[in-house]
Amino acid sequence: MGKKMGDHVFYRDLRRSYPTLVKGDGVYLYDDDGRRYIDGSSGALVCSLGHGNREVAEFMQQQAEKLAFAPIARFTHGPQAELAERLAKMGSVELPYSYFVSGGSEAVETAVKMARQYHLERGGTNVGRFLVIGRWPSYHGNTLGCLSVGGHASRRTPYAPYLMPSPKIGLPNCGSCSWHLTRSTCDLRCVDALEREILKAGPQNVSCFIMETITGSCGGVILPPPDYLQRVAAICRRYDIVFVADEIMCGAGRTGKFLASSHFGQMPDILILGKGIAAGYSALAALLVSERVYEAFEQGSGAFVNNYTYAANPLSCATACKVLDILTRDRLIDRSAEAGRRLREKLRPLTIRHHVLGTDIRGIGLMIALELYQNRDSQISFPPESKISEKLARACLDEGLVIYPGLLALADRDGDCFLLGPPFIISEPEMDEMVSAIDCALTRLALEVRL
Ligand SMILES: Cc1ncc(COP(=O)(O)O)c(C=O)c1O
C-alpha cells in the first residue's frame, strides 16, 4: 500500500504516496489494496494492446529462452531483421531502413547524431552543420540533448547551464494562432518562421529540423494544418537540412494510421517511433530512415558512430514483431480510429456540464486532449501555481481512472490540458466508465477549487 517509510526507492515525487500496482489486465490496472483503475492514457500513450496480453507474454518467454540479448557490434539476429522488414512494409516506402534503440529519448539523440553524421559523410562545407532547429513548445525527451532540442520550459530550466544552443520556431496552433491570423489568410506564416530561422542561423550551420508530427503532451494534441509538412519538407530540401519527425507518442497506430505523417501525405527524412511500438511490453524505439540519409552513410564511411548496449535488443525486437502481428491481425489500428471518434462523442456532453473544460475536444484516433480554463468564455487559463491538471489527474485517480496531465500551448502563455489515450482494445462500456469517472472527478475538482 503506497510508499512506505524506509522504502529505498528514490521516487519521482518524494512527498507523494504512490499506490502499489500488482497487476494489469486489458484496460485495467490493479493495486495491492484491490483497487481497480482504468488506464485511460495507456500510461503515457504506450500500452496500445492493453495490459497482461498473454499471447505477447508467452511469445516473450519463448524468445527469452531462445535469445534474450545479443552483442550487436559482432552479430545481427532474426528479430532485428524481421522487425526492420515489417516496419518497411507497415510504414512508408520512403523510409525503408530501421535503426533500433531502447527508448524515445535515446532515439531522438540518435536522430540528431545521424543527421550530423549525414552531413559529415557528404563532406565539403556540410561539415560545419550542427544546429538543430526545434519548436516551442515541444517535448522530445528528458536527456540533456533532448531537452536542448525540445521546447518544454519547466523541464529545461533546472538544467539550462548544460543545454546546447538550438533555435526554435512557434507551433502551427490554428486554434490559438501566435500571429492572430486565420487559416484562410495566413498562408502558413508559421512555416515561414522556419526559413527565417535557417537564414538567421546561416544554412551552412543547420543540421536538422525536428518536430512532433502531432504535438502531444506539450500542447495538447495539436495537428499540423494541411500542407504544413509539405512546406517544412520543401524548406528542409532547399537548404539541405534533415527533416526529423518525432512520432514517439503519435506513431505506431495511435492516430488510426500506423504513421501519423501518413495523414498529411508527407514523410520526413527520419521518423522516430517509440512507446507503442512494443506497447509497453519491452523497451524499444526505432528510427525509420530514408534512402537519401542511408545512402550518404553507404557511400561515405559506411559506419554510424553510435551504439548502446541494449540497442536492437532481440527480446525487444521480437516483442515488437508480436505487437505488430496483433495490431494487424485484430485490425486494432482501424479500431483506434473508430474508438477515438466514439470517445470524443461521449466526452462532448461533459463540456456542457463542466465549464472548466474547453469546448474544443482535439484529437485523432485514440490521442485526445481536453483543455482546462478558469474562464473558458474569455479563455483565461488557471495560474500555473494552481497545478490544475495535476489536481484533476489526482481526482481521476480517486475515481479509478488514469489520465495524462499536459501543457496547453496558448499564443501568449501556457495553460492546462489533459490527454486521454486508452488502449486500442477499449470497449464501449469501458469508454462509458472513463467518461463517468471524468465527470465525477470534475465535480470533485469544482468543489475543491471552488469553481
Ligand atoms: C513526442 C515525444 N518524444 C520523445 C519522448 C521521450 O521518450 P522516452 O520517455 O521514451 O525517452 C516522449 C515521451 O513522452 C514523447 O512524447
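Whatever order the structure lists them in is the order used to number ligands and atoms, beginning at 1. All heavy atoms count here, side chains included; hydrogens, waters and symmetry mates do not.
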| query | Looking at Y28, does the NZ or CZ of R36 lie under 6.0 angstrom from its six-membered ring centre and within 45 degrees of the ring axis? | reply | yes
May I have the N/O to N/O pairs between ligand 1 and the protein that fall below 3.5 Å, each with atom names and distance to one decimal?
unit_1, atom_1, unit_2, atom_2, d
ligand 1, 3 (N), Y139, O, 3.4
ligand 1, 3 (N), D246, OD1, 3.4
ligand 1, 3 (N), D246, OD2, 2.6
ligand 1, 10 (O), G104, N, 2.9
ligand 1, 11 (O), S105, N, 2.7
ligand 1, 11 (O), S105, OG, 2.6
ligand 1, 14 (O), K275, NZ, 2.7

| task | Scan for salt bridge (charged side-chain N to carboxylate O under 4.0 Å, His left out) pairs involving residues 89-117, sequence neighbours excluded, and state none if there are none. | result | E85-K89
| task | Run the salt-bridge test on E338 and R341 with the 4.0 Å N-O cut-off and return the result as yes or no. | result | yes
| message | Heavy-atom count check: over 12 atoms from other residues, nucleotides or ligands less than 6.0 Å from R54 CZ? | response | no
| message | Show the nearest heavy-atom pair for residues S282 and M60, with the distance to one decimal. | response | CB-CE, 4.3 Å
| task | Give, for atom OG1 of T255 and atom NE2 of H263, the distance between the pair rounded to the nearest 0.5 Å. | result | 3.0 Å
